[in-house]
There are 2 protein chains.
Amino acid sequence: MLKVCTYNVNSIRKRLHIVFPLMEKVDILCMQETKVEDRKFPEADFHLKGYHVVFSGGKARNGVAIASKFEPDEYFSGINGEKDRVIAARFGKLWVINVYAPQGQSIESEYYRYKLEFFKKLKEFLSEFVDFKGYYLLCGDMNVAPEDIDVHSPDKLRNHVCFHEDVKKAFKEIVQLGFVDVLRKHHPKERIYTFYDYRVRDAVKRGLGWRVDHILATEKLAEKSKDCYVLLEYRTTEKPSDHVPLVAEFEKV
Amino acid sequence: MLKVCTYNVNSIRKRLHIVFPLMEKVDILCMQETKVEDRKFPEADFHLKGYHVVFSGGKARNGVAIASKFEPDEYFSGINGEKDRVIAARFGKLWVINVYAPQGQSIESEYYRYKLEFFKKLKEFLSEFVDFKGYYLLCGDMNVAPEDIDVHSPDKLRNHVCFHEDVKKAFKEIVQLGFVDVLRKHHPKERIYTFYDYRVRDAVKRGLGWRVDHILATEKLAEKSKDCYVLLEYRTTEKPSDHVPLVAEFEKV
DNA sequence: GAAACGTCGG
DNA sequence: CCGACGTTTC
C-alpha cells in the first residue's frame, strides 16, 4: 500500500513537530506554504530522520515541498516563471504534482485575477505534461471548494474567492482534463473539511470548515485507490496549522 | 532565613519557565525588564502557584515587578512621573525597592543624559523615602558596574555607558547615602558577574561579563546579611535571560 | 542574540 | 489567530 498525503503546513519551520510524526504514517507528503527560502529549508532535519525531501520556495510566502520515504527518480519545480507554487516528483511510474494555488484575497482584487490566471496556466501546463493514460497525482491546496457540500455555509459564501463561480469553473476545467477526485470517489456525500480558518474561533468544534485541499488522480491511478481521509488530530494538537492533512491510499503501482 | 533575589528577566512572559523554579528557592524576587503592559502581566500564573506579585510596566519596554511568598503590606510604583522603572513593597519592617535604571545607549546620546538624570532623581527620591536607620533594600539592574573588578576589561570599557566615570559617580552618590553593597560585603575581591551580553558569543565560557545588578542594604539590614551569590545555572538553561539572578540571604528582621 | 511591535498576508 | 519580516532597543 502506498500512502500519499497533502498538507498545507503554514510554515515548515514551525511545523516539524507535526510533519515528522505524520511522515511515520505516510510514504509521500506534499506540503504547501513552507514559507521559507530554499537556503533556509530545514533539509538536514529530514535527512537525519532518513527521509528525502525536495523543495522550492522564496522568502516569507508560498513555497512547496515533497518529502518521501524513497528517493524520487526525478523532480522539477515551477511553472510559468514562478518557482514557489508547483513542485513535481516521479517515483517509478508515479508522478506526484504538488500545487499551492493563490488564495485571491477578494473578488474585486488584483489577486483574484491573478488566481484565475494561475489556474489557466496550470491547466495549460497539465494538458502538456500529464499523460492521462498514466499514473499521475495532482495534489495540494487549491484554494477552491468545488461543491456546496465542501463549505459550511454555501449560500453565504458564493462571493468568497474560494467558492466563487469563476474559480470553481477554472478548477473544474482542470479536473475534467481527466482527473478523479479521490476523496469523493470514496466518500461521495460526506462533509469532510481540510481547512478551518485560524480566525474563526472554535471553528473545528462548530464545524466551520472548508474542503480546499485535494488529491486528484488520473483514472488509471484512481482505480487503484483504496481510501481517502483527513487526519483531524493534527489540527487539534499543539501549534497546529489551520489546514488538515489529507491522505489517500493506493495499491502499489 | 530570608532570601531576596534580583533578576532582569528580559520579558516576564518569555521567562516563566525560569521564574517559577527560581521562586521555589527565594522568598522575594525583584524583576526588571518585564516588557509588558499591566493588563497583559501574567498575574494569574503567579496566583496559581501561590505567589503574590505586584508589577508596573508599559508597552514593550522596561517594566518592574516584585513576586513574593508572603503578601506585601503595602506597595507603590513609579518615581518622577515614570511608572515603569521603580516599584517598592513593604514586608513588615522591610522595604524592598526594585529599580531598572536606563541603559544609556552611548556616551554621546540623549539616552545617556537621561540616564544620569534618572540617577539624580533616584537619589533625591531615596534621600526622602529611605530611613537609613531602618531596614531598606535597594535592588535591581542599575546598568552600572561600580569598580574595575566588576567588568571583564576595564581599560577597554571606560567609555561604555555602564562604566563611564560620570555614571559610576552618580551611582556612588546613591550608595553613599548609606547603603552597603551586600555582594562586596561577603566577596570583596571575587570576580562575580550578573550579566553576559547575548551578543557576545560564548560570553559565559569566556568570562566576558559585567556586574550591573546589585543588592544594596541599609547598614542595619546589612548587618543581618549572611551571604550573596549568583545563580549562574539560570543563565545556561533553555531560553535564558542575558542576566543572572543575584541572591542575598538575611536573618529574619 | 533576543525581545516587542507594527505591517502584511492567509 | 498565526505566520514572516523589518525596526528598535538592550
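In what follows, chains are A, B, ... by sequence order, proteins preceding strands, each numbered from 1.
Between the side chain of B/Arg158 and the backbone N or O of B/Glu165 there is no donor-acceptor pair closer than 3.5 Å.
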Fill in the blank from the handout: Its contact letters, B for base, S for sugar-phosphate only and - for none at protein heavy atoms under 4.0 Å, make nucleotides 3-10 of chain C read SSSS--SB
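Distance, B/Arg206 CZ to C/dG1 P: 12 Å, rounded to whole Å. What separates CE of B/Met142 from P of D/dC10 is a distance of 17 Å, to the nearest Å. Atom CG in B/Asn8 sits about 14 Å away from atom C1' in C/dG1, given to the nearest Å. Atom OH of B/Tyr196 and atom P of C/dA2 are 17 Å apart (whole Å). For the pair B/Glu110 CD and D/dT8 C1', the computed distance is 16 Å after rounding to whole Å.
Listed by chain and residue number, A/Lys83 satisfy the side-chain hydrogen bond (donor to acceptor under 3.5 Å, both in side chains) test with A/Asp38 (two or more places apart in sequence, or in another chain). Under the side-chain hydrogen bond (donor to acceptor under 3.5 Å, both in side chains) criterion, B/Thr236 pairs with no residue, sequence neighbours left out. B/Tyr234 meets the ring-ring contact (aromatic ring centres under 6.0 Å, His included) test with no other residue; sequence neighbours excluded.
Applying the side-chain hydrogen bond (donor to acceptor under 3.5 Å, both in side chains) rule to pairs touching residues 203-215 of chain A yields A/Asp150-A/Arg211, A/Asp181-A/Arg211, A/Thr194-A/Asp213, A/Arg211-A/His214, A/Asp213-A/His243, sequence neighbours excluded. Pairs engaging residues 111-124 of chain B under the salt bridge (Lys or Arg N to Asp or Glu O under 4.0 Å) rule: B/Lys123-B/Glu173 [sequence neighbours left out].
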